[in-house]
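Below is one structure, written out as structure tokens, with a few remarks after it.
In what follows, every chain begins at residue 1, and chains take the letters A, B, ... in the order their sequences are listed.
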Amino acid sequence: MLHFKNGEKSCEIANDSATLHDVIKALGLDGKKVIAAKLNDELMDLSRNVNEGGEVEAVTTDSPEGLEILRHSTAHLMAQAIERLYPGTHFGIGPAIKDGFYYDIDVAGTITESDLPKIEAEMRKISGAGEKVSREDMSKEDALKFFANDPYKTELISEIDAPTVSIYKQGEYADLCRGPHVPDASKIHNFKLLSIAGAYWRGSEKNKMLTRIYGTAFATPDELKTYTKRLEEAKLRDHRKLGKELDLFSLHEEGPGFPFFHPKGMVIMNTLINFWRKEHLKRGYLEIKTPQILDQQLWVRSGHWDHYRENMYLTEIDEKTYAIKPMNCPGSILVYKTQLRSYRELPMRLAELGIVHRHERTGVLHGLMRVRCFTQDDSHTYIEPSKIKEEVTAIMELDKYFYTKVFNFKYTVELSTRPEDSMGTDEQWEAAEAALKDALESTNTPYTINPGDGAFYGPKIDFHLEDCIGRTWQCGTIQLDFQLPGRFDVTYIGEDGAEHTPVLIHRVVFGSVERFMGILIEHYAGAFPYWLAPVQVEIIPIADTHIDYAKKLQDTFNKCGVRVEIDTRSEKLGRKIRDAQIQKIPYMLVVGDKEQAENKVGVRERSKGDLGSMTLDEFKNVLENEFDPNKD
RNA sequence: GCCGGUGUGGCUCAGAGGUAGAGCAGCGCACUCGUAAUGCGCAGGUCAACAGUUCGAAUCUGUUCACCGGCUCCA
């Protein structure tokens, strides 16, 4: 006799061939949305036979766990449909992921996006037929025999560290899988195949490239609809599309990965940079500028030649090899070393808006997010080892102010540890990693560890901002460096009169100013807050007779530092408003006979609409109250 | 770099072996207008580049380049 309970409810089952589903029913937990169960906190199929009692929970598609199972089962459903339509296809892995699932397949010939509806239709057929899903445990030997014709499954099975593996079958389709899965395919309704892409087997470039099909599934049709709408919304926010429409920047075949910034894009970039300068001056940073092209020998000494050469552009001057800088650190060090430094000068924070060039492989370029030339809002801080925690904490505060207070971003923090290709001793790395951990923990900053992802010269803290599609972008980073100071004989004279080696902290806040702009474009969907908007106020004369008055207004506002434009086209009012609206200009000033006579302006705000007539002073006051971190 | 897709006027896109089309934008003319598109007219393209097949190629084939979706890599 086995005892089961769920909160207040309980039941006893004598039959030793009872399934978890029987238990769920006996406990009165059954329902349409129930697709799996938990027995003593372990996720299981409903069809599992029970051989121990305990706490039972029904898992529905409403829970994150249930949704994951649903998606994983949808991946299997897709695989079954593909096997029917493309016999002889071999299957790799097909997991549930953040917003859906994928399956990597090795198919003879090619599948293109236009084939997806066909596969979807087949999936609906199987789901409609309510194909049952069953689990079977097998010894590894049997499983290897069973999947003898399947090279990928064979590889996976032989790496599993257990005597038995489980196989899931639905109709003619069988797959190696840990499970659990939905009890039958009829549970799967609200799914959609999304896209197709190549993906290396097991994520390694050395392996064969398989075809990956992405899809998603949800518990309800509404959730699926909401999700596909979100994808459409994300497309509308695409910074490449908005960059073109708002005339911010352009990309050309003549310079792949080298963006061209237009006047309006430069307004945004310069406003960001002004803000950045102001905040850094406040915090004791000193700004420097170092050359684009430097002698190869410098890069040999810095270690970049050994660890970063494939990303560097080279050139020759007077028969000597020079490199176009991919990083700003060696230049900063040369500046530091122009004088003998005292501990009294430390921490010395040498900031640089350094333009760096890095050779990125063709396939990775992406608008402003991934380019070959970008501006790092860099700083190299030379510091006594005992002050690391204090300085790192101050940088984290600066980051927090930028990201959350000024731009309203959510972000997550990662600690990246020693990579395979790196310089330095174990002790140095341990000390550096411990220092960063200490700073994170003493400020109660939640973080995850990203093993092996540090820079070649030291571990780092990375800040990842989340964009509108839920993609994350690395922006800020704080990197500790115990290597370069030694390599370059960087020193300071300590209180004791002796020479010491400082620690070097590399850090950026925006990361790449270009990328940060791209993220902002998507974040704001092109509707930049007042302080960043390229055109802040559009003056709209109703008829040609009002242009003179409009010009007088423009003059007045220009003198107050407001960015103003006039729409002098001989178009109707509605048209001019529409165009200003599409350009997402924060304020429109409609001026006609009435305004001209009363020396007023008709104010329209891009999202609130018509705010009525105001005197100039009243409107100036409205502008004064706009958020502008560059004002104070 | 790898897999798949795409490349037609400034922009968005149609055309698919017989020599290029629309809407928007631009320019001109008329209208002088009150809160999201006024009307008429004009001009604008060696159909990404190069090679090939063909009597004839934007259209078929190949190569290259760029872009898009991913993979790998990354700020």
Quick one: A/Met209 CE to B/rC71 P, roughly how many Å, whole number? 10 Å
Looking for any heavy atom pair under 4.0 Å, which part of the strands does [X] touch: base, sugar-phosphate only, or nothing?
X        : answer
A/His366 : sugar-phosphate
A/Ala543 : base
A/Glu113 : nothing
A/Asp462 : nothing
A/Tyr214 : sugar-phosphate
A/Glu595 : base

Applying side chain to side chain donor-acceptor pair (under 3.5 Å) between A/Tyr587 and each of A/Glu626, A/Glu605, A/Arg604, report the one that passes. A/Glu626
Do A/Gln479 and B/rA75 have a side chain to base donor-acceptor pair shorter than 3.5 Å? no
Under 3.5 Å, is there any donor-acceptor pair linking the side chain of A/Arg370 to the base of B/rC74? yes
Counting only side-chain nitrogens and oxygens, does [X] get under 4.0 Å of the OP1 or OP2 atom of [N]?
X        : N      : value
A/Thr362 : B/rG1  : yes
A/Arg569 : B/rC31 : no
A/Lys244 : B/rU12 : yes
A/Lys206 : B/rC2  : no
A/Gln474 : B/rA75 : yes

Any sub-3.5 Å donor-acceptor pair from A/Lys264's side-chain atoms to A/Val535's backbone N or O? no
Please check if the side chain of A/Arg515 supplies one atom and the backbone of A/Gly511 the other of a donor-acceptor pair under 3.5 Å. no
Quick one: are the ring centres of A/His304 and A/Phe456 less than 6.0 Å apart? yes
Rounded to the nearest 0.5 Å, what separation is found between the CZ atom of A/Phe101 and the CG atom of A/Leu77? 8.0 Å
